[in-house]
Each structure stands twice: as structure tokens, then as C-alpha cells.
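Presented below is the structure to which this report refers.
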2 protein chains.
Amino acid sequence: METNIKVPKTRNGKATFQLIVDTTIDLFYKQGYFNTKITDITNAAGIAAGTFYLYFPNKLSLYKYILMEFQHDIRKQIAVQVATVEGRFNKERIGIKTFVHYALQNPHAYNIIWESLYIDKQLFIDYYDGFAKRYERGLKQSIIDGEMHDVDTELVSYILMGVANFVGLKILLDLGHHNEDPDAIVDQVMEIIKTGIFK
Amino acid sequence: METNIKVPKTRNGKATFQLIVDTTIDLFYKQGYFNTKITDITNAAGIAAGTFYLYFPNKLSLYKYILMEFQHDIRKQIAVQVATVEGRFNKERIGIKTFVHYALQNPHAYNIIWESLYIDKQLFIDYYDGFAKRYERGLKQSIIDGEMHDVDTELVSYILMGVANFVGLKILLDLGHHNEDPDAIVDQVMEIIKTGIFK
DNA sequence: TCACAACATGAATACTTATTCAGTATTATA
DNA sequence: TATAATACTGAATAAGTATTCATGTTGTGA
């Protein structure tokens with residue numbers, strides 16, 4: 001499959017390219033990838049059908065572009081926030097908090113990333129595997145520094161991703177219908193993780 | 001939308017109905033809901049295109065049927081396994097273990113349930129909301145019995161679902177590529193949840 | 001202001017797929 | 001074994017959609 005994106009060269013071209021991307025993010029979020037037709041995108045963007053193909057050979061290549069943009073954004077935000085924080089527990093707390101904030105401010109991102117499992121399984125695997133590996137690095141250092149118990153870092157990274165994702169999901173979809181301040185929820189979650197759940 | 005399924009009345013009818021369901025589960029798992037066409041189903045099942053419409057008015061109604069079957073199975077299995085176990089911590093351990101076992105024995109179920117988020121968001125919400133509410137009931141009792149700290153039961157139920165789902169996911173997709181015995185992994189997870197992660 | 005590259009259009013084409021339905025076969029049972 | 005109920009067929013119809021391309025427009029550097 002053709003995967004190459006044509007990069008626009010002028011101010012106008014860049015604007016159209018970005019308009020397609022932004023419109024598509026909105027539609028992918030609202031209707032899902034498979035329910036979004038090329039004509040839906042071009043109609044919503046107010047451009048001709050053919051204009052889409054000036055920049056993207058097909059819908060999948062556009063999806064991959066969007067996914068990579070999100071991945072880049074989210075990792076960068078977490079890295080920036082975490083960098084200024086001391087101690088592994090606080091780093092995790094801020095990391096999860098940043099993740100949840102990102103999910104709240106970009107609800108489409110959350111949704112679109114998960115859909116990769118049904119669009120191309122390998123995309124999904126690469127995404128979470130990559131995330132977990134970055135996580136592990138930090139966790140290993142914390143064990144060396146004596147801030148954490150000597151746990152299986154790979155497993156813990158999946159546990160923390162699972163917690164972040166489901167708590168993010170709960171807040172996003174408002175499951176349970178009584179969500180308070182996201183930060184407060186994250187603090188509670190971290191307290192539970194720290195103390196353990198059972199007596 | 002027409003949602004009613006026509007129930008077969010004879011032995012042959014029941015067999016065809018079940019053949020359609022089983023074939024579809026396989027295809028939904030391998031190709032996803034949206035990439036699976038009615039003709040894919042009838043071809044794979046070796047029946048005529050029209051036969052599909054004898055039992056299901058459309059693909060969505062078949063999906064909903066399958067989702068409810070899974071939901072029923074999984075809850076029943078967990079309930080059965082948990083019933084014979086003493087103590088909340090052990091109940092949770094066996095519950096998650098049963099969940100992970102179910103995911104391993106029915107990898108399609110796992111996949112198909114999650115896809116509901118992209119097929120009909122409300123299906124997804126109902127599914128996990130229902131699951132969480134059942135979870136909460138048990139957790140509340142455990143707090144009364146003094147087996148658990150006085151935590152936010154709703155939040156903890158989402159945490160436990162997140163952990164179970166991501167650990168299940170890791171095992172299923174073999175993320176990280178070094179999965180041991182699922183039971184051993186679950187035991188590790190429960191130890192971490194019990195003790196807490198940080199010093 | 002000319003020339004040319006980049007950008008944009010949208011009707012036309014070529015598929016793909018859902019769904020129907022008139023006809024045929026099978027099965028149960030009276 | 002007649003007959004009614006149920007099950008099954010698959011060609012035909014009807015829609016919907018991706019993608020192309022001949023043509024037109026815009027912006028910019030020489």
C-alpha cells in the first residue's frame with residue numbers, strides 16, 4: 001500500500017493539509033475510523049473530494065499520521081512535566097496526572113489511539129509496547145535508587161498503564177456519573193497504589 | 001433499527017444459527033467488526049447470502065447477541081470460581097485469575113468486547129458500568145467486614161478492571177514477548193496490589 | 001506581467017456490499 | 001403420505017464510496 005504523504009509547500013497548501021487533519025480527528029472521534037468516509041471528511045472540511053488525494057493516498061495513511069502526532073505530543077508532555085519532579089512516586093503521580101489531563105483535554109486522542117487495535121493490530125502493539133519500554137527504564141532506575149520494591153518492572157509498567165487508562169476512561173466517559181476533579185481522583189489513585197488495597 | 005433475532009425452531013435451524021454465530025465470532029476477532037462483510041460470514045459458513053437474514057436483520061444485531069453471550073459467560077465463570085473462596089483478597093485474586101483465564105481461552109471475546117467502544121459507545125459504557133457496579137457490591141462488603149481499607153469502591157473497581165484488562169492484554173498480545181504462566185503473573189500482580197508499589 | 005509550479009475542483013468511473021424475494025428443499029406431524 | 005411450517009438458495013436490485021483526471025485557479029519569482 002502507498003503510505004507516503006505529500007507535504008504541502010505553500011502557506012495555502014499547509015492550511016488545507018492541516019484542515020484535513022483537524023477535521024478528520026474530529027470525525028474519527030465522533031464517528032470512528034470505519035464510519036468516516038473520505039467524502040465525510042471533504043464535506044466537513046468544505047473542500048472537493050479530489051483535494052484529499054493531493055495530500056493523502058488513502059484513509060489509513062492519514063490515520064497513521066494522526067496516531068504518530070498524538071504519540072509524540074503525549075510523550076513530550078509527560079516528559080516535560082515529569083522532568084522537574086523529584087522521586088519516583090511523585091514522577092509516577094505526575095505522569096499519570098499528565099496522562100489523564102491529556103486525555104481530558106484531547107478526548108479524541110484517547111479514543112483514536114485505542115481504535116488502532118481494530119485498524120491494524122501491529123500499530124496497537126507497537127504503541128503500547130513502546131510506551132511500556134519507556135516506563136520500564138524509569139522504574140528500573142527507581143529500584144536501583146531504593147525508592148521502589150524489587151518488583152517486575154515490565155509487569156508494573158502494564159499495571160500503571162492499565163490503571164491510568166481505565167481511570168482516564170472512567171473520567172472521559174463519565175462512567176459512574178459522579179466524577180470530581182480529575183486531579184483529586186488521580187491523587188486518590190496514587191494513594192491506593194502506594195498503600196495497597198488490602199489490609 | 002430492527003433488532004429482533006429470529007429464533008430457529010428445528011434442530012437444523014438451530015445448527016445454522018449457531019454456525020453463523022461461531023463463524024462470525026471468528027471473523028470479528030480476526031478481521032474486526034467493520035472489515036467483516038455479511039458475505040464474508042456466509043461464505044465462511046458455507047451458506048447462501050440470504051440465509052443470514054433468516055436469523056439476523058443486520059450485522060449489528062448479531063454483534064449485540066455475541067456481546068451479551070460473552071458478558072453472560074464471563075460473569076458466570078467468575079461468580080462460580082469466586083463463590084467457593086474465602087476472604088476478599090482471595091476473591092479478587094481468583095476473580096482476576098478467572099478473568100485472565102477466560103481471556104486466554106477466549107481471545108476473541110476480549111477483542112470483540114473492547115470493539116464495542118467503536119461500534120456503539122453506549123454498549124461499551126453499559127458493559128463496563130455494569131461490571132463495575134457488580135464489583136463494587138463485593139468491595140463494600142469487604143470494607144464492612146474489615147478486610148479492606150476504607151477506599152473509594154467505585155475507583156478501586158475501575159483500578160482492578162484496568163489492571164485485569166491490561167495484564168490480560170499483555171498476555172494476549174504477548175507484549176514484551178516473555179510471558180510466563182498466566183497464573184504466576186496474576187499472583188505477582190496481586191502481591192503488588194496488596195503490598196503497594198512504592199516504599 | 002509572464003510563466004510555471006502548486007493547489008483545487010467535482011463529474012464520471014468502477015467497484016464493493018447490503019438486502020430482497022421468488023422459487024426450491026426439507027422436516028414434522030396429523 | 002399429504003400438507004403446512006420451516007429452512008435455504010442465489011441471482012438481481014439498489015445504494016454507497018473510493019479514486020481518477022481533465023480542467024480551472026492562485027500565487028510567486030524573474
Side-chain angles (χ1 to χ4, degrees), chain A residues 1-66 115 118-120, chain B residues 1-66 115 118-120:
Chain A
M1 187 205 64
E2 179 69 59
T3 56
N4 280 336
I5 287 170
K6 176 100 68 51
V7 175
K9 304 189 172 180
T10 69
R11 179 189 298 274
N12 277 351
K14 281 187 219 296
T16 302
F17 181 97
Q18 199 54 46
L19 178 63
I20 291 172
V21 170
D22 292 341
T23 305
T24 303
I25 288 173
D26 187 52
L27 289 175
F28 279 176
Y29 172 57
K30 291 201 288 211
Q31 322 181 340
Y33 174 85
F34 293 104
N35 290 322
T36 301
K37 312 304 173 190
I38 305 290
T39 50
D40 292 340
I41 296 170
T42 54
N43 285 341
I47 59 178
T51 304
F52 178 90
Y53 296 93
L54 249 41
Y55 302 106
F56 303 95
N58 49 49
K59 197 168 61 162
L60 182 58
S61 66
L62 172 52
Y63 177 82
K64 287 182 179 174
Y65 176 84
I66 290 171
E115 196 171 12
Y118 303 101
I119 295 166
D120 181 342
Chain B
M1 187 206 67
E2 179 69 59
T3 56
N4 279 337
I5 288 170
K6 174 101 67 52
V7 175
K9 304 191 172 179
T10 69
R11 179 188 299 274
N12 277 351
K14 281 188 218 295
T16 303
F17 181 97
Q18 200 54 46
L19 177 62
I20 291 172
V21 170
D22 292 341
T23 305
T24 303
I25 288 174
D26 187 52
L27 289 175
F28 279 176
Y29 172 57
K30 289 201 289 210
Q31 322 182 340
Y33 175 84
F34 292 104
N35 290 322
T36 301
K37 313 304 171 189
I38 306 291
T39 49
D40 291 340
I41 296 170
T42 53
N43 285 341
I47 59 177
T51 303
F52 179 90
Y53 296 93
L54 248 42
Y55 302 105
F56 304 95
N58 49 48
K59 197 168 60 162
L60 183 57
S61 66
L62 172 51
Y63 177 83
K64 287 182 178 173
Y65 176 83
I66 290 171
E115 197 171 12
Y118 303 100
I119 296 167
D120 181 341

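Taking both residues in full, the closest heavy atoms of B:Pro8 and B:Tyr55 are given as CB-CE2, 3.7 Å, listed atom of the first, atom of the second, then distance. The two residues B:Ile5 and B:Ser61 have their closest heavy-atom pair at CD1-O, 4.0 Å. Nearest heavy atoms, A:Ile38 versus A:Lys59: CD1-CB, 4.0 Å.
Inter-residue side-chain proximity for A:Tyr118 and B:Phe34 is flagged as unmet; no heavy-atom pair is nearer than 4.5 Å. When side chains are defined from C-beta on, A:Phe52 does not count as touching A:Thr39, because their heavy atoms never get closer than 4.5 Å.
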What string of B, S and - do you get for nucleotides 15-23 of chain D, 5' to 3', when a contact is any protein heavy atom under 4.0 Å?
--SSBB---

Would you tabulate the pairs of protein nitrogen or oxygen atoms and nucleotide nitrogen or oxygen atoms of nucleotides 24-30 of chain C closer than 3.5 angstrom?
from   : atom 1 : to      : atom 2 : distance (Å)
C:dT27 : OP1    : B:Asn12 : ND2    : 3.1

Grab the N/O contacts between the protein and nucleotides 3-5 of chain C below 3.5 Å, and write none if there aren't any.
none

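No engagement by A:Phe56 is indicated, since no non-hydrogen atom pair under 4.0 Å with the nucleic acid exists. Backbone-only engagement by B:Tyr55 is indicated by non-hydrogen atom pairs under 4.0 Å involving sugar-phosphate atoms exclusively.
The nearest whole Å value for the distance from the CD1 atom in A:Ile5 to the P atom in C:dC7 is 15 Å. When the P atom of D:dA5 is taken as reference, atom CG of B:Leu54 falls 16 Å away, rounded to whole Å.
Although no hydrogens or angles enter the test, the distance criterion places no donor-acceptor pair under 3.5 Å between the side chain of A:Asn12 and the main chain of A:Ala15. Side chain of A:Glu115 to backbone of A:Gly32: no donor-acceptor contact under 3.5 angstrom is found. Panel note: side chain B:Asp40, backbone B:Thr36; no donor-acceptor pair is recorded below 3.5 Å.
Under the side-chain contact (heavy atoms from CB on, under 4.5 Å) test applied with A:Ile20, the options A:Ile47, A:Ile25, A:Leu54 reduce to a single match, A:Ile47.
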Please determine whether side-chain contact (heavy atoms from CB on, under 4.5 Å) holds for the pair B:Thr51 and B:Phe17, giving the CA-CA distance in whole Å, both sets of side-chain angles, and the decisive distance to 0.1 Å.
CA-CA 9 Å; B:Thr51 303; B:Phe17 181 97; over 6 Å; no

